[in-house]
2 protein chains.
Amino acid sequence: MERFFLALADGTRLRLLNLMGEHEICVCFFVLVLGQSQPKISRHLAYLRRAEMVTARREGKWMHYRITMPPNEGAAKVLQQTLAWLKEDAAMQQDWTRLRRACCSPAKFVALAGAPAPSVVSG
Amino acid sequence: MERFFLALADGTRLRLLNLMGEHEICVCFFVLVLGQSQPKISRHLAYLRRAEMVTARREGKWMHYRITMPPNEGAAKVLQQTLAWLKEDAAMQQDWTRLRRACCSPAKFVALAGAPAPSVVSG
DNA sequence: GACACACATTCGTCAAGGCGTATATAATGG
DNA sequence: CCATTATATACGCCTTGACGAATGTGTGTC
């Protein structure tokens, strides 16, 4: 349980989880939206992976991350509630806005030309 | 928000929060039930106090601690859900059992003779 | 196979915080 | 006021993990 909360106890990781929500997102979008170095993003994603809070899927050159609900019911509820809390936060909402902008007109972001857009998690 | 989760990211602090639940508890009971050194308990309680997750009340020589729900609604819900999760954990339930034993027959525990028993928080 | 791209990992440095031990403070009782 | 009890804090040591910078790995393309 310690591990679980340690995974949540970092601003960058909370921002990543907020962006994922119920979507599957490519690393390049994280880097763009958070405006942080790629190694930093990657390290935090690795931490979340080790904590079994997200899973990664490779698609060609790109890696997609999504949240995986913990098997334990209590933990899942806490995570859900945490995500709901994040949605109410102003800074987190800004991240969301930035993500939408990057998705809907990726042409504006040269770095993302052709990058796979975030998609809603099916199952 | 980081601070909030950092406060939850420690086994000892989770055990303390679990014991408090909706009760107000004296430090000496924490020491007895967790079986850890008094300074350790005290340090973790101080941490929770700084995180504004608990408040202390003095009663003569004794200090009583209780959980204070954060003003932010989202945070409060996460904390509530966390406490619910703790209740389902076997180790946490054992702590509860030990607490009840100490309360109902304090005579068995010489160290606690005369210590103020835990009480349900009124408001 | 050489290159470019997307991402992951490693390395050295640094701060936060956990621990045991020792000591300080606060209240009560003689 | 001095001793005792209950709790808090200070100190030194050690581990975890965050960071930037550099480097490694995997996958398409020519």
Side-chain angles (χ1 to χ4, degrees), chain A residues 1-16 24-51 53-66 102 106 109-118, chain B residues 1-16 24-51 53-66 102 106 109-118:
Chain A
M1 307 195 31
E2 275 186 63
R3 280 277 175 202
F4 177 86
F5 287 110
L6 276 169
L8 298 178
D10 177 274
T12 303
R13 287 197 288 274
L14 288 175
R15 291 178 74 186
L16 293 173
E24 189 184 49
I25 299 190
C26 174
V27 175
C28 53
F29 280 99
F30 289 132
V31 174
L32 179 73
V33 172
L34 297 208
Q36 311 260 318
S37 77
Q38 176 268 316
K40 176 171 171 179
I41 298 291
S42 211
R43 263 184 279 118
H44 283 291
L45 286 170
Y47 194 114
L48 289 172
R49 237 188 304 126
R50 281 194 296 271
M53 210 166 274
V54 305
T55 50
R57 181 178 65 85
R58 182 176 279 282
E59 182 186 332
K61 295 188 292 189
W62 296 284
M63 287 293 271
H64 297 259
Y65 281 82
R66 64 161 74 179
F109 302 89
V110 181
L112 290 184
Chain B
M1 307 194 32
E2 275 185 61
R3 280 277 173 203
F4 177 87
F5 288 110
L6 276 169
L8 298 177
D10 178 274
T12 304
R13 287 197 290 274
L14 288 174
R15 290 178 76 185
L16 292 172
E24 189 184 49
I25 298 188
C26 175
V27 175
C28 54
F29 280 99
F30 289 131
V31 174
L32 180 73
V33 172
L34 297 209
Q36 311 262 317
S37 77
Q38 177 268 320
K40 176 171 171 178
I41 298 290
S42 211
R43 264 183 280 120
H44 283 292
L45 286 170
Y47 195 114
L48 289 171
R49 239 187 304 125
R50 281 194 297 271
M53 209 167 273
V54 306
T55 50
R57 181 179 63 86
R58 182 175 280 284
E59 183 185 331
K61 295 188 289 187
W62 297 283
M63 288 293 271
H64 297 260
Y65 281 82
R66 64 160 75 178
F109 302 89
V110 181
L112 291 184

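In the text below, chain A, chain B and the rest are named by the order of the sequence lines, each starting its count at 1.
- Taken to the nearest 0.5 Å, the CG atom of A:Leu34 stands 4.0 Å off from the CD1 atom of A:Ile41.
- Nearest heavy-atom pair, A:Arg13 versus A:Ala7, reported as atom, atom and distance to 0.1 Å: NE-O, 2.8 Å.
- Between the CD atom of B:Glu2 and the C1' atom of C:dA16 there is a distance of 12 Å, given to the nearest Å.
- Across all strands, A:Arg50 comes closer than 4.0 Å to no nucleic acid atom at all (heavy-atom distances).
- A straight line from OH of A:Tyr65 to P of C:dA6 spans 15 Å, rounded to a whole angstrom.
- Atom CD1 of A:Ile25 sits about 11.5 Å away from atom CZ of A:Arg66, to the nearest 0.5 Å.
- Atoms CZ and CG, on B:Phe5 and A:Leu14 in that order, are 6.0 Å from each other to the nearest 0.5 Å.
- Note: B:Gln38 CD to B:Leu45 CG = 9.5 Å, rounded to the nearest 0.5 Å.
- Atom-to-atom, CG of A:Leu45 to P of C:dA6 comes out at 16 Å; the value is rounded to the nearest Å.
- With sequence neighbours excluded, the residues satisfying salt bridge (charged side-chain N to carboxylate O under 4.0 Å, His left out) with A:Arg57 are A:Glu24, A:Glu59.
- Rounded to a whole Å, the CD1 atom of B:Ile41 is 14 Å from the C1' atom of C:dG20.
- Checking the phosphate oxygens (OP1, OP2) of D:dT9, a side-chain nitrogen or oxygen of B:Arg49 falls inside 4.0 Å.
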Taking only nitrogen or oxygen atoms into account, show me every contact under 3.5 Å that the protein makes with nucleotides 15-19 of chain D, one pair per line with its distance.
from	atom 1	to	atom 2	distance (Å)
D:dG17	OP1	A:Tyr47	OH	3.2
D:dA18	OP1	A:Arg13	NH1	3.4
D:dA18	OP1	A:Arg13	NH2	3.0
D:dA18	OP2	A:Arg13	NH1	3.0
D:dC19	OP1	A:Lys40	NZ	2.9
D:dC19	OP2	A:His44	NE2	2.6

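- Per the geometry, CE belonging to A:Met63 stands 13 Å off P belonging to D:dG28, to the nearest Å.
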I'd like a list of close polar pairs between nucleotides 22-30 of chain C and the protein, N/O only, cut-off under 3.5 Å.
none

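- Shortest non-hydrogen contact noted between B:Ala56 and B:Met63 is CB-CE, 3.8 Å.
- Here the closest non-hydrogen pair linking A:Val54 and A:Arg49 is CG2-N, 3.7 Å.
- B:Lys61 meets the side-chain hydrogen bond (donor to acceptor under 3.5 Å, both in side chains) test with no other residue; sequence neighbours excluded.
- Protein atom CG of B:Leu34 is 15 Å distant from nucleotide atom C1' of C:dC19, rounded to whole Å.
- Here the closest non-hydrogen pair linking A:Val33 and A:Arg15 is O-NH2, 4.0 Å.
- Residues forming a ring-ring contact (aromatic ring centres under 6.0 Å, His included) with B:Phe4 (at least two apart in sequence, or on another chain): A:Trp85.
- Side-chain proximity of B:Cys28 to C:dA8, C:dA6, D:dT7: nearest is D:dT7.
- Atom CD1 in B:Ile25 sits roughly 17 Å away from atom P in D:dA6 (whole-Å rounding).
- Over its full length, the helix from C:dG1-D:dC30 to C:dG30-D:dC1 turns its helical axis through 10°, comparing axes from the five pairs at each end and rounding to 10°.
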